[in-house]
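Below is one structure, written out as structure tokens, with a few remarks after it.
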Amino acid sequence: QVQLVESGGGLVQPGGSLRLSCAASGFTRDYYVIGWFRQAPGKEREGVSCLLSTDGSTYYADSVKGRFTISRDNAKNTVYLQMNSLKPEDTAVYYCGADYMQFFTVQAMCQRIDAFNSWGQGTQVTVSS
């Protein structure tokens, strides 16, 4: 059973930075997608950034390109989301999600919330002055 534990959310001023961490365990195959999703009040959960375990290929939503960076530390089984130049519209609960690869591209899978069956507990990110 895949388990995901997030940390690193908080309150930050516009223009600031935060780094989220997701400690992952329980994968039985090394062909999965792991990533970050967010859900703002009154909105649907959306894919922010994802990474493919085998070759590290990545996907970023247009709204975060150039500001957010997803990375991993294989020795620690941890995936990170470095968020820079944060904006008030980035305010949301951020979730780490993962599942075995089911599509041809990381982008295709990251844009399908229903393809992910393993989720962390979520961490609040608030961008406000």
Side-chain angles (χ1 to χ4, degrees):
Q1 182 177 355
V2 175
Q3 292 188 323
L4 305 171
V5 180
E6 303 124 338
S7 60
L11 172 64
V12 64
Q13 292 185 342
S17 298
L18 281 175
R19 189 178 79 159
L20 306 182
S21 300
C22 174
S25 62
F27 293 107
T28 58
R29 286 179 283 132
D30 186 22
Y31 188 46
Y32 58 86
V33 172
I34 186 167
W36 293 94
F37 303 78
R38 68 187 180 186
Q39 188 165 17
K43 294 188 177 181
E44 294 186 352
R45 192 173 298 188
E46 63 173 350
V48 174
S49 180
C50 293
L51 179 149
L52 179 61
S53 63
T54 48
D55 63 5
S57 53
T58 58
Y59 160 79
Y60 294 94
D62 287 343
S63 58
V64 306
K65 279 181 183 176
R67 301 188 297 122
F68 291 11
T69 303
I70 191 170
S71 63
R72 61 180 173 175
D73 183 332
N74 290 332
K76 295 182 179 180
N77 293 322
T78 299
V79 173
Y80 303 97
L81 185 69
Q82 179 66 43
M83 305 185 293
N84 298 329
S85 302
L86 282 161
K87 304 175 181 180
E89 51 263 44
D90 294 317
T91 295
V93 178
Y94 283 70
Y95 297 90
C96 181
D99 214 313
Y100 298 104
M101 184 58 158
Q102 302 164 44
F103 294 81
F104 289 114
T105 66
V106 179
Q107 175 176 342
M109 184 152 174
C110 202
Q111 292 177 332
R112 288 288 302 271
I113 304 300
D114 59 349
F116 292 83
N117 291 294
S118 296
W119 295 97
Q121 77 280 7
T123 185
Q124 177 71 46
V125 172
T126 302
V127 185
S128 175
S129 55

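Keep in mind that the numbers below use all heavy atoms, side chains included, and drop hydrogens, waters and symmetry copies.
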Checklist entry - Going through the checks in order, is the side chain to side chain donor-acceptor pair (under 3.5 Å) test met by Gln124 and Thr126? => result CA-CA 6 Å; Gln124 177 71 46; Thr126 302; 3.3 Å; yes
Find out whether [X] and [Y] are in side-chain contact, i.e. whether some heavy atom of one side chain is under 4.5 Å from a heavy atom of the other.
X	Y	result
Phe37	Val48	no
Val127	Glu89	no
Thr123	Val93	no
Leu86	Leu18	yes
Gln39	Glu46	no
Trp36	Cys50	no
Tyr80	Ile70	no
Gln82	Ser17	yes

Next on the checklist: Below 30° counts as parallel, above 60° as perpendicular, anything between as tilted: where do the rings of Tyr32 and Phe27 land?
Outcome noted: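 Because their plane-to-plane angle is under 30°, the rings of Tyr32 and Phe27 count as parallel.
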Could you grab the distance from atom [atom1] of [X] to atom [atom2] of [Y], nearest 0.5 Å is fine?
X	Y	atom1	atom2	result
Asp90	Asn84	CG	CG	11.0 Å
Tyr59	Gln111	OH	CD	4.0 Å
Ser53	Ile34	OG	CD1	9.0 Å
Asp30	Leu52	CG	CG	8.5 Å
Gln1	Ser118	CD	OG	7.0 Å
Tyr94	Ser49	OH	OG	11.0 Å

Shortest non-hydrogen contact from [X] to [Y]?
X	Y	answer
Gly47	Ala61	O-CB, 3.6 Å
Arg38	Ser63	NH2-OG, 3.3 Å
Arg72	Asp55	NH2-C, 4.1 Å
Thr78	Lys76	OG1-O, 2.9 Å
Pro14	Ser129	CD-N, 3.7 Å

Is there a path of hydrophobic side-chain contacts, each under 4.5 Å between heavy atoms, that joins [X] and [Y]?
X	Y	answer
Phe116	Tyr95	yes
Leu81	Val2	yes
Ile113	Phe103	yes
Val64	Met109	no

Backbone N or O of [Y] within a donor-acceptor pair of the [X] side chain at under 3.5 Å?
X	Y	value
Glu6	Gln121	yes
Tyr100	Thr28	yes
Arg67	Ser85	yes

Item to check | Trace of the side chain to side chain contact (heavy atoms under 4.5 Å, CB included) decision for Cys96 with Trp119 | outcome: CA-CA 6 Å; Cys96 181; Trp119 295 97; over 6 Å; no
Next on the checklist: If the threshold is 4.0 Å, N to carboxylate O, is there a salt bridge linking Asp62 and Lys65?
Outcome noted: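 Salt bridge flag = yes for Lys65 with Asp62.
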Next on the checklist: Working note: Val33 + Leu51, criterion side chain to side chain contact (heavy atoms under 4.5 Å, CB included); need CA distance, chi angles, decisive distance, verdict.
Outcome noted: CA-CA 6 Å; Val33 172; Leu51 179 149; over 6 Å; no
Checklist entry - So Val106 and Thr58, side chain to side chain contact (heavy atoms under 4.5 Å, CB included) or not? Walk me through it. => result CA-CA 6 Å; Val106 179; Thr58 58; 6.0 Å; no
Next on the checklist: Counting neighbours of CD on Glu44 that are heavy atoms of other residues, nucleotides or ligands and sit closer than 6.0 Å, is the number greater than 12?
Outcome noted: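 Incorrect, the count does not exceed 12.
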Next on the checklist: Quick one, Met83 with Arg19, criterion side chain to side chain contact (heavy atoms under 4.5 Å, CB included). Give me CA distance, side-chain angles, the key distance, then yes/no.
Outcome noted: CA-CA 6 Å; Met83 305 185 293; Arg19 189 178 79 159; over 6 Å; no
